[in-house]
Amino acid sequence: MASEKQATPHLFIDEVQGHQKRYSKLVQFTHSSTKAAGVMLLAAIVALVVANSAVYEPFIHFWHTEVGFIFGGTEQTMSLAHIINDVFMAIFFLLVGLEVKYEMTVGELTNIRAALLPIMGAVGGVAMPIVIYLLFNASNAEAVHGWGVPTATDIAFALGILALLGNRVPAGVRVFLSTLAVADDIIAILIIAIFYGQTPKVFWLMAAVIVMIVLIAMNRSHIYSLLPYILMGGVLWYCVFMSGIHSTIAGVLLAFAIPSGSRVNLRTFGLWSGKKLKEAHDTFQPETPVIAQGEYIETVTDLSRVARQVVPPATRLEHKLYPWVYFGILPVFALTNADVSFAGIDMGAMLTDPVLYGVFFGLLLGKPLGILAMSFICVKTKLGALPENVNWGHMVGAAILGGVGFTMAIFVANLAYTDEMHIATAKLGILAASLMAGIIGFVFLMLQAKRAQKQGVAFSESGDDFAEGEAEHAGGLNALRNPELQARIDAARARRNVFEIVVDLGPTGLLGGGSVRDVRDALKDEMIRVLQEEGRDDLIEKLQLQFQEDERVAPLAAIQDLVLQEHGEDALLRTEVMTSEDAVFTNLVKQSAEAADETEEQHVEGMAK
């Protein structure tokens, strides 16, 4: 197999191989939650150093520089700091809204029973910090309004820290924590919208409602171009900004209006694209410069134009925003808002301020206690169950990481307090609690991993975990250690009528940043392409029908069903399916058909994660 891969020509010309490698590394870097958390942490450290140096005054003066435009007698200006907090953070909330929409549409929040554990954990992780904060500040009229500060988890930092552990913790821990953070974000958005805006101005509020109706009508009218939504989103932002409700809410509202479907009929796209590829192959003239091959260029242009439109607008926008938000907007936000200056501040007053302890203990103790308490109740009442291979030790570690509340907590602190002293004190509590929660959570999960390692338990890097010490003959990666199965696979390759279906998941295992659904669709397209080459249009039609009836059907399971229907059980017994090159082999035999289906689906999903 290695020799076959080496013999395959590169997709791009040799002269640009270096550029492509650098670009791939850049894509990997800008889609890494660990790298994003590192960049934000660096920005926060720089902000703290600058805030306590001689350049702090010009630093603050720069961010308060007014920028805008003058048109006749109309003058509209805004400071750079306000642009970051009101405009750029609205873009951040747009990305948050897109992630929430994905989870509610096809992600972890679609199955309420499966998502109930992290949702209940998120509710507890919001309620308990409020209780702890009010224990310190209920009698303080100037500070009581800051109860929302310690309620939100910073998803980028929390998942970035968890990513440092790699495959030493089960994939279920990451699923739990990411789903909890999304539910946490939904609650935080509601808190900001309801409790931390000004009294709404009816005119502008009604204007925002009208714009939202227009956006929904655009969605219902199947307008799939992003530009109209972005333009109307700008109008929506202005109306919400003028209404007195915090303008960042406009980003979330816009996210829910952007279509998450495709304008292309995906049931026929595979057939159409296969024909176009054949046309391109037939019209290509190797000895003629490509610029002179008009028919070939026209064919591939059609293919490219339609292929771009296959990806839903919401997915396109999310992929475009991710690197800009996590490597641009959030680090700049940290740089301008993590500036806790101790110069001229009465440290004694700061260290005795109840705000400090309400925020600090709300995040460091309130979040874990609330998450664990509600999770425990959920499991014991059988409303939910712990993720596979996840124990309560893992849950404690994930709950502690829930106390990392950097971005959203600082954002709410700027809204909650009017006194600069309280803002600085709250930021100090946020930074201290987030730092300690990150370190303690990481160490706790690392100790859990070492304990598991001593017991002979390991987790596969693909995200699908299994206990090697407890199941020597389990499926998945253990199949590679089975010489008998390997010999049967080699014999199958030597026979005629063997189809090889290969889908390269890329270096990230995400098809360049996609999802489980993207991996499944890629498998479907590859299977259809192979069958087209073999001239099996009859099988293609049957496959398309199965995919139409159930979009979530495992592609390899669909082929298995067709083999069984067309050739009977004897053919099924002779079938070997390679689900991932050099990674996972599934032996489809009559006695373990159901287990094979499950293994194929789990490993495809595991690699996507």
Side-chain angles (χ1 to χ4, degrees), residues 31-34 36-37 40-41 89 92-105 107-110 114-129 148-165 169-192 248 251-252 255 318 321-322 325-326 330 362-364 366-372 374-375 378 384 387 390 394-412 430 433-434 437-438 441-442 445 515 609:
H31 285 78
S32 166
S33 56
T34 306
M40 281 191 286
L41 178 61
M89 288 303 285
F92 164 67
F93 274 80
L94 170 59
L95 180 59
V96 170
L98 290 170
E99 292 172 347
V100 170
K101 182 175 183 177
Y102 175 85
E103 294 296 338
M104 294 178 69
T105 305
E108 297 295 333
L109 298 180
T110 52
L116 196 58
L117 181 67
I119 290 174
M120 294 290 285
V123 172
V126 169
M128 187 60 75
V149 174
T151 59
T153 296
D154 190 297
I155 188 170
F157 266 119
L159 294 182
I161 294 168
L162 190 61
L164 293 173
L165 293 163
V169 294
V173 176
R174 179 181 176 86
V175 173
F176 171 81
L177 187 59
S178 59
T179 308
L180 180 143
V182 169
D184 195 272
D185 282 342
I186 295 173
I187 299 172
I189 289 165
L190 293 174
I191 289 174
I192 293 170
T248 51
V252 180
E318 183 178 350
L321 287 179
Y322 188 95
V325 168
Y326 283 102
L330 291 184
L363 283 170
L364 190 60
K367 292 292 287 186
L369 288 176
I371 292 169
L372 285 172
M374 291 301 289
S375 299
C378 189
V390 174
H394 295 130
M395 292 291 287
V396 172
I400 295 171
L401 289 180
V404 179
F406 184 77
T407 305
M408 198 72 79
I410 291 178
F411 185 78
V412 175
I430 293 165
S434 297
F442 177 84
L445 286 171
S515 64
K609 293 171 185 174

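Keep in mind that what you see is a predicted model, and the values were worked out from it rather than measured.
Expressed to the nearest 0.5 Å, how far CG of L364 lies from CD1 of I430 amounts to 13.5 Å. We find the CE-CG distance between M89 and L94 to be 12.5 Å, quoted to the nearest 0.5 Å. Rounding to the nearest 0.5 angstrom, the gap separating the CE atom in M395 from the CG atom in L445 is 11.5 Å. Here the straight-line distance linking atom CG of L177 with atom OG1 of T153 works out to 7.5 Å at 0.5 Å rounding. If you take CZ on F442 and CD1 on I400, they are separated by 13.0 Å, rounding to the nearest 0.5 Å. Remark: D185 CG to L190 CG distance equals 11.0 Å, nearest 0.5 Å.
Take T151 and apply the side-chain contact (heavy atoms from CB on, under 4.5 Å) test, not counting sequence neighbours, and it matches V126, I130, I191. With sequence neighbours left out, V252 forms a side-chain contact (heavy atoms from CB on, under 4.5 Å) with F93, I189, F256. Applying the side-chain hydrogen bond (donor to acceptor under 3.5 Å, both in side chains) criterion to T248, with sequence neighbours excluded, gives H246.
Within the 4.5 Å cutoff, the side chain of F157 has no heavy atoms near those of the L330 side chain. Counting heavy atoms from C-beta outward, V173 and P170 have side chains that approach closer than 4.5 Å. In this structure, V175 and P118 have side chains that are not in contact, with every pair of non-hydrogen atoms separated by 4.5 Å or more.
The shortest heavy-atom contact between D184 and A152 is OD1-CA, 3.0 Å. Nearest heavy-atom pair across P150 and L363 is O-CD2, 3.4 Å. Considering every non-hydrogen atom in both V404 and G438, the closest pair reads CG2-N, 3.7 Å. When all heavy atoms of S434 and G405 are compared, the pair lying nearest together is OG-N, 3.1 Å. Pairing each heavy atom of T105 with each of K101, the nearest pair is OG1-O, 2.6 Å. P129 approaches K367 most closely through the heavy-atom pair CG-CD, 3.5 Å.
Formation of a donor-acceptor pair under 3.5 Å by the D154 side chain with backbone atoms of T407 is found in this model.
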Dump the intermediate steps for side-chain contact (heavy atoms from CB on, under 4.5 Å) on L95 and Y326, then the final yes or no. CA-CA 10 Å; L95 180 59; Y326 283 102; 3.4 Å; yes
